[in-house]
Amino acid sequence: MTRGSAYDPARHGPHRVVGTGFHAEVYAAVREVPAGCVTTYGDIATRLGRRGVARQVGWALAALPADREDVPWFRVVNASGSILRQADGTPRRDQSGLLAAEGIDVSPAGRVKGFDTLRWRA
DNA sequence: CGGCTGACGACCT
DNA sequence: GAGGTCGCCAGCC
């Protein structure tokens with residue numbers, strides 16, 4: 001992300017509404033995920049009728065402003081059931097903590113315990 | 001218009 | 001499980 005392809009508040013500002021309807025579609029889909037469940041980027045993409053665009057879903061969530069607390073982004077994990085982590089292992093946001101608040105355990109390695117049974121599909 | 005980057009995923013070794 | 005490859009496509013330069 002050397003040239004601002006990903007969401008960068010320093011460049012775009014926290015209030016900038018990025019893109020067209022795509023982001024809104026993603027956010028709407030994520031809001032449908034019930035508390036205590038998890039889903040994947042790929043599932044969101046499929047739910048939007050855009051199978052295979054999991055990457056764009058991730059892009060949209062990366063652009064999610066911090067004040068959008070109505071979007072439970074932390075319930076979205078990758079297809080392996082792993083949560084967000086930076087290269088150094090420090091979470092960019094406390095995803096495991098937010099999940100724990102809903103009764104979802106995350107292993108030290110960053111994987112949702114019982115992912116297969118907690119996984120929610122539309 | 002061309003090139004580049006990804007909070008990804010399926011598949012292969 | 002751990003790595004590498006390729007495809008996906010929106011947004012920015």
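In the text below, chain A, chain B and the rest are named by the order of the sequence lines, each starting its count at 1. Quick caveat: nothing in here was measured; it's all calculated off a predicted structure.
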Could you check how far [atom1] of [X] sits from [atom2] of [N], rounded to whole Å?
{"X": "A:Leu48", "N": "C:dC9", "atom1": "CG", "atom2": "C1'", "answer": "14 Å"}
{"X": "A:Phe22", "N": "C:dC12", "atom1": "CZ", "atom2": "P", "answer": "14 Å"}
{"X": "A:Arg50", "N": "C:dC9", "atom1": "CZ", "atom2": "P", "answer": "7 Å"}
{"X": "A:Leu84", "N": "B:dC8", "atom1": "CG", "atom2": "C1'", "answer": "12 Å"}
{"X": "A:Gln56", "N": "C:dC12", "atom1": "CD", "atom2": "C1'", "answer": "14 Å"}
{"X": "A:Ile44", "N": "C:dA10", "atom1": "CD1", "atom2": "P", "answer": "17 Å"}
{"X": "A:Asn78", "N": "C:dG1", "atom1": "CG", "atom2": "P", "answer": "11 Å"}
{"X": "A:Asp43", "N": "B:dC8", "atom1": "CG", "atom2": "C1'", "answer": "12 Å"}

Side chain of [X] only, please: which of [options] is the nearest?
{"X": "A:Ala79", "options": "B:dA7, B:dG9, B:dG6", "value": "B:dG9"}
{"X": "A:Arg55", "options": "C:dG11, C:dG7, B:dA7", "value": "C:dG7"}
{"X": "A:Val53", "options": "C:dC8, B:dA7, C:dG11", "value": "C:dC8"}

- A:Phe74 and side chain to side chain contact (heavy atoms under 4.5 Å, CB included): which partner among A:Ile104, A:Val30, A:Leu98?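 Of the listed options, the one satisfying the test is A:Leu98.
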
- Any luck finding a side-chain donor-acceptor pair between A:Arg47 and A:Thr39 under 3.5 Å?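 Distance-only check passes for A:Arg47 and A:Thr39.
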
- Message: Reading DNA chain B from 5' onward, which residue's closest nucleotide shows up sooner: A:Tyr41 or A:Arg51?
- Response: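 Here A:Tyr41 is the residue nearer the 5' end.
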
- Message: I'd like to know if A:Glu25 pairs up with A:Arg50 as an ion pair, taking the criterion as any Lys NZ or Arg NE/NH1/NH2 lying under 4.0 Å from an Asp or Glu carboxylate oxygen.
- Response: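 No, this pair does not count.
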
- Within 6.0 Å of CZ in A:Arg31, more than 12 heavy atoms from elsewhere: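 Enclosed.
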
- What does A:Thr40 touch in the nucleic acid at a heavy-atom separation under 4.0 angstrom: a base, only the sugar-phosphate, or nothing?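 Answer is sugar-phosphate: A:Thr40 comes under 4.0 Å of backbone atoms only.
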
